[in-house]
Novice: 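Pasting a structure here, questions to come.
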Amino acid sequence: MARFPEALNEQIAYEFAASQQYVAIAAHYDAETLPQLAATFYRQAVEERNHAMMIVQFLLDADLPVMIPGVEAPQTSFGNATEPIELALAQEKRVTDQIVALVALAREEGQLVGEQFLHWFLQEQREEVSSMSDLLATVERAGDNLLLVEEYLARTGGEESPLEAGAPPAAGGAL
Ligand SMILES: [Fe+2]
Ligand SMILES: [Fe+2]
């Protein structure tokens, strides 16, 4: 029995869990009246949801079973302003490791179409780890004054990544 389809279904849960974690972080910043930080994470949450739906579309296209597993509840309370972003960066690094393991498994099982599908996710992870560590550095540098972070995000945020153009199709359409 090939493990790759099962592992891909597990990744759907990790992407939805990432989405929920980002909703929780966004709501946290929204409650603190930090609208740019909130908007950043609301947007990230939608991206993670789209990643899950891209995997669903791949499974449908490949005529593989689609499981939509349940997810673990996200962390919703945070001790300080940097903690949510440290958590987000750790999450992106963990997802990178998961995608790398999936690619290795696809290769091991000769699933080259599946491997090619995952190449976009590798690029996406490089981008997301990089942008999250930039955000962490910015928040650390701002210290107690998160309004500096708000201003920074207002100036630099909202740029569409060039990667989105080459993204795999998402089931039901990307949001
Ligand atoms: Fe993702
Ligand atoms: Fe991500």
Side-chain angles (χ1 to χ4, degrees), residues 4-30 36-62 64 66-76 78 82-106 114-139 149 153 156-175:
F4 182 63
E6 206 179 311
L8 265 185
N9 270 287
E10 278 167 30
Q11 192 62 36
I12 293 174
Y14 301 145
E15 299 294 340
F16 275 129
S19 181
Q20 291 210 21
Q21 185 60 72
Y22 286 155
V23 170
I25 292 173
H28 167 78
Y29 284 129
D30 218 350
Q36 295 290 341
L37 275 164
T40 298
F41 282 96
Y42 284 131
R43 206 164 45 236
Q44 273 314 118
V46 172
E47 276 198 25
E48 300 302 347
R49 174 266 179 209
N50 286 338
H51 295 167
M53 298 306 274
M54 288 170 193
I55 301 174
V56 171
Q57 186 62 56
F58 175 82
L59 291 167
L60 290 168
D61 289 343
L64 291 165
V66 183
M67 260 113 65
I68 318 295
V71 303
E72 262 183 67
Q75 184 176 332
T76 52
F78 304 96
T82 54
E83 198 186 322
I85 300 169
E86 284 164 357
L87 181 75
L89 179 58
Q91 175 172 280
E92 290 302 341
K93 287 181 174 171
R94 189 168 63 245
V95 170
T96 300
D97 292 344
Q98 289 162 350
I99 300 290
V100 165
L102 273 173
V103 170
L105 181 59
E115 183 188 332
Q116 189 275 339
F117 161 70
L118 290 167
H119 284 169
W120 179 85
F121 283 78
L122 290 175
Q123 279 182 288
E124 175 74 2
Q125 283 313 118
R126 183 187 65 194
E127 198 262 324
E128 291 198 339
V129 168
S130 160
S131 57
M132 204 56 79
S133 59
D134 286 353
L135 183 58
L136 181 59
T138 306
V139 170
V149 179
L153 288 173
T156 62
E159 298 158 4
E160 187 89 332
S161 155
L163 275 178
E164 300 309 320
L175 296 181

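Each ligand, and each atom within it, is numbered from 1 in the order the structure gives. Keep in mind that what you see is a predicted model, and the values were worked out from it rather than measured.
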Novice: Would you indicate whether the side-chain heavy atoms of E86 and L136 approach each other to under 4.5 Å?
Specialist: yes

Novice: Which of these, Q11, E72, M53, sits in a side chain to side chain contact (heavy atoms under 4.5 Å, CB included) with F16?
Specialist: M53

Novice: Report the residue from D30, L135, V23 that forms a side chain to side chain contact (heavy atoms under 4.5 Å, CB included) with F41.
Specialist: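 Single pass found, and it is L135.
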
Novice: Is it true that atom CD of E10 has more than 12 heavy atoms of other residues, nucleotides or ligands lying nearer than 6.0 Å?
Specialist: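 Counting neighbours around CD of E10, more than 12 heavy atoms of other residues, nucleotides or ligands fall under 6.0 Å, so yes.
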
Novice: I'd like to check the salt bridge (charged side-chain N to carboxylate O under 4.0 Å, His left out) partners of E92; sequence neighbours left out, ordered by chain and number.
Specialist: none

Novice: Listing residue and atom name, which protein N/O/S atoms are closer to the Fe ion (ligand 1) than 2.8 Å?
Specialist: E15 OE1, E48 OE1, H51 ND1

Novice: Do side-chain atoms of N50 reach the backbone of L175 as a donor and acceptor pair under 3.5 angstrom?
Specialist: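 Indeed, once roles are kept as given, a pair shorter than 3.5 Å links the two residues.
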
